[in-house]
Amino acid sequence: MDNREIIDIERDGYPKTAIKLGLEEFGVPKHLLQGEKQEGIITDGKEIQPWYWDGFCTIDGWRYVYFDRCRIESIHTIATKHRAEALDIVNKIAFALSQSDSAFLDLNSGVFPLYRIYIYENDKVLLLPPDLGDVVSIMIDEETKNIESTFLIQGRAEESFRLITELAELLYYAAAGTLPFSREIIKESGYREIPLSLYEELPVKTEGFISFIFHAKSREMRDITGNRTGAKTLSWFLERSFGLEWPLGNLTDEEKDERVRRTEDSEKVRSYIESAAKKAKRNAFWRVKGTVITVLSVIGIFVAMFLYSYISNLLEPPLTAGMDQEEIIYAVYDAQSNVDPQALDTAVKGDDLPQSMEVVNLYVTSTMRYAYESHNPAINVNDWIAAGKPPVPNTSYIYGVVVDSVEKTGENEYLATGTWYTPFPYDSEEEDTAQSIENAVVYRYEVTQTFRFEWNDRGWWNIVGSEITGYTELEPEHIEIYVPENQALTPEASR
């Protein structure tokens, strides 16, 4: 998993240690080459010491960051040569994070990236400063960045609880040799990790501690964190982890890889993965929940209202006739953001888009609300962002897609990446699924979606296949709401 290179060098006649970052062609931001550098942290679990880096250098076409000579190793070695001390090392990380302010932590979606954590000499822990962490995140490859940051996000965890979850993930990784939530199927089946006991036998209390953190209910998370920030909640982790037993021995890289391979090839793990795949399908990722679910009979009435025009569109040239493939993809997301099911499916042939039912349900809900309130509750997220994210009526919701990129991946095949905004959470395992706009929250997901096209002999492109290939839950965004004047008037006040 870890391909980080750490070497000893000499710089201006002084012994230094250097970490390889990436190819020289990636430029280092100029502001990092001048001014005062930010401090890193070294800790033994009891005290905090400052740590400083010197600068950048190039060796054989590769960019390195260098600093005073020392012995450091990647945090990934807690699964191999430092496995026996993994619990102690994780507790030192918890201590260092708990003593850090928000500027130093610079949390990404509630987690502290592993590429900022190193095991320092004498089993101390080194945390790189945020300015250096920014450079590392720019220069390392995307796969490593995902493994050491994005894959650490446990989608069911409260944001203030995610550092606790991350530390439990490190303990799981040290014992099992693999991160618990790195498989897409595990995330889609509700973040139900492969049981740790299938990889390694731990004392009941130790395994139970890790399992509790992964499966804590929202109420339990809130009871633990209270009103504290993510770092301050780590006192709870430290209090309960210091007394745990950790009777594991060190391993070589080869031994670790072989143990993982043997376990994951076992009948029990294969059966578990098959069960998780079925559960992911049952979860129906695009199923709309809570107040957004519409009675099927009501949907039928409204579907019938535009069925005639829909059939007509099969015979008439679609709205996207004359567009190239990339333009059609943007048109699809425009239609989704406008909650327009007819426009959404205008270029689709032979199958529905994955988001079609979601948009139909929202369309029906919005139409019904408009009939009763003379007010369309759906607000296009792109319009809302372009307007500077102003307050919205408490009877409205933010919805739509902000397209980040559209890339051609093959002949007539494309991959689109975007941030999807919804008024409801997609995770079917979440406790409080009946959300409403009164909560002043819009949920955000980074979604990748494939599109396949065929040229119609009548003279335009059709979408003939599309599927969601991945999603990552992002931090929900809190929005400012207000009560419209006509809604604020009570019967007494209007007399």
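Computed from heavy atoms alone, side chains included, the values below leave out hydrogens, waters and symmetry copies. Remember, it's a predicted structure, so these values are computed and weren't measured experimentally.
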Interatomic spacing from [atom1] in [X] to [atom2] in [Y] - rounded to 0.5 Å:
X      : Y      : atom1 : atom2 : value
Glu326 : Lys408 : CD    : NZ    : 10.0 Å
Leu353 : Ile463 : CG    : CD1   : 5.5 Å
Ile398 : Ile481 : CD1   : CD1   : 11.0 Å
Leu152 : Ser182 : CG    : OG    : 9.5 Å
Ile72  : Leu126 : CD1   : CG    : 6.0 Å
Lys37  : Asp131 : NZ    : CG    : 9.0 Å

Test item: [X] side-chain N/O and [Y] main-chain N/O as donor-acceptor pair under 3.5 Å:
X      : Y      : answer
Thr17  : Cys70  : yes
Asp44  : Lys124 : no
Glu121 : Arg71  : yes
Gln99  : Ala96  : no
Glu446 : Tyr471 : no
Arg83  : Gly249 : yes
Ser149 : Asn146 : no
Ser337 : Asp334 : no
Ser211 : Gly208 : no
Asn412 : Arg452 : no

Thr80/Asn250 under side chain to side chain contact (heavy atoms under 4.5 Å, CB included): CA gap, chis, key distance, verdict: CA-CA 5 Å; Thr80 53; Asn250 292 334; over 6 Å; no

Determine, for [X] against [Y], whether the closest basic-nitrogen to carboxylate-oxygen distance falls under 4.0 angstrom.
X      : Y      : value
Glu220 : Lys217 : no
Arg444 : Glu473 : no
Lys92  : Glu85  : no

Intermediate values then yes/no, salt bridge (Lys or Arg N to Asp or Glu O under 4.0 Å), Arg183 and Glu264: CA-CA 12 Å; Arg183 290 174 183 248; Glu264 295 187 348; 2.9 Å; yes

Going by atom types alone, do [X] and [Y] pair a side-chain donor with an acceptor below 3.5 Å?
X      : Y      : result
Glu477 : Tyr443 : no
Thr144 : Asp141 : yes
Gln449 : Ser466 : yes
Gln336 : Tyr399 : yes
Arg228 : Ser235 : yes
His215 : Arg192 : yes
Asp345 : Ser356 : yes
Thr448 : Thr469 : yes
Thr417 : Asp404 : no
Tyr414 : Glu407 : no

Step-by-step side chain to side chain contact (heavy atoms under 4.5 Å, CB included) determination, Trp62 to Glu24: CA-CA 5 Å; Trp62 292 92; Glu24 179 187 11; over 6 Å; no

Provide the closest heavy-atom pair for [X] versus [Y] in the form atom of the first, atom of the second, distance.
X      : Y      : value
Ala378 : Tyr397 : CB-OH, 3.5 Å
Glu169 : Leu179 : O-CD2, 4.2 Å
Ile78  : Ala86  : O-CB, 3.9 Å
Ser241 : Leu87  : O-CD2, 3.8 Å

Could you tell me whether the side chain of [Y] reaches within less than 4.5 Å of the side chain of [X], counting heavy atoms only?
X      : Y      : answer
Ile75  : Ile93  : yes
Tyr115 : Ile140 : yes
Tyr421 : Val402 : yes
Val447 : Val401 : no
Phe424 : Glu358 : yes
Ile194 : Thr263 : no

Neighbour count >12 (heavy atoms, 6.0 Å) for atom CD, Glu475: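 Yes, the 6.0 Å shell around CD holds more than 12 heavy atoms from other groups.
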
Within 6.0 Å of CD in Glu413, more than 12 heavy atoms from elsewhere: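 Enclosed: over 12 neighbouring heavy atoms sit under 6.0 Å from CD of Glu413.
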
Glu184 vs Lys187, salt bridge (Lys or Arg N to Asp or Glu O under 4.0 Å): CA-CA, chis, key distance, verdict: CA-CA 5 Å; Glu184 199 66 33; Lys187 291 185 283 189; 3.4 Å; yes

Salt bridge (Lys or Arg N to Asp or Glu O under 4.0 Å) evaluation trace for Arg270 with Glu267: CA-CA 5 Å; Arg270 287 204 304 269; Glu267 181 60 33; 2.9 Å; yes

Contacts of Lys81 that satisfy side chain to side chain donor-acceptor pair (under 3.5 Å) - sequence neighbours left out: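 Scan of Lys81 (side chain to side chain donor-acceptor pair (under 3.5 Å), adjacent residues dropped) gives Glu73.
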
Val125 and Tyr120: CA distance, side-chain angles, deciding distance, side chain to side chain contact (heavy atoms under 4.5 Å, CB included) verdict: CA-CA 5 Å; Val125 168; Tyr120 197 76; 6.0 Å; no

Asp265: which of Arg262, Arg261, Lys268 passes salt bridge (charged side-chain N to carboxylate O under 4.0 Å, His left out):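 Option passing the salt bridge (charged side-chain N to carboxylate O under 4.0 Å, His left out) with Asp265: Arg261.
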
Trace of the side chain to side chain contact (heavy atoms under 4.5 Å, CB included) decision for Leu127 with Phe112: CA-CA 10 Å; Leu127 303 185; Phe112 191 84; 4.1 Å; yes

Pairwise ring-ring contact (aromatic ring centres under 6.0 Å, His included) hits with a residue in residues 229-248, at least two apart: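 Passing the test, one end in residues 229-248: Phe209-Trp236, Phe209-Phe237.
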
Pairing residues for Glu143 by the salt bridge (Lys or Arg N to Asp or Glu O under 4.0 Å) criterion, not counting sequence neighbours: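 Glu143: no salt bridge (Lys or Arg N to Asp or Glu O under 4.0 Å) contacts found.
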
Within 45° cone and under 6.0 Å: Arg116 NZ/CZ vs Phe104 ring: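 Arg116 over Phe104 ring: yes.
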
Phe214 and its ring pair (Phe, Tyr, Trp, His ring centres under 6.0 Å) partner, picked from Phe161, Phe181, Tyr191: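 For Phe214, the ring pair (Phe, Tyr, Trp, His ring centres under 6.0 Å) check succeeds only for Phe181.
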
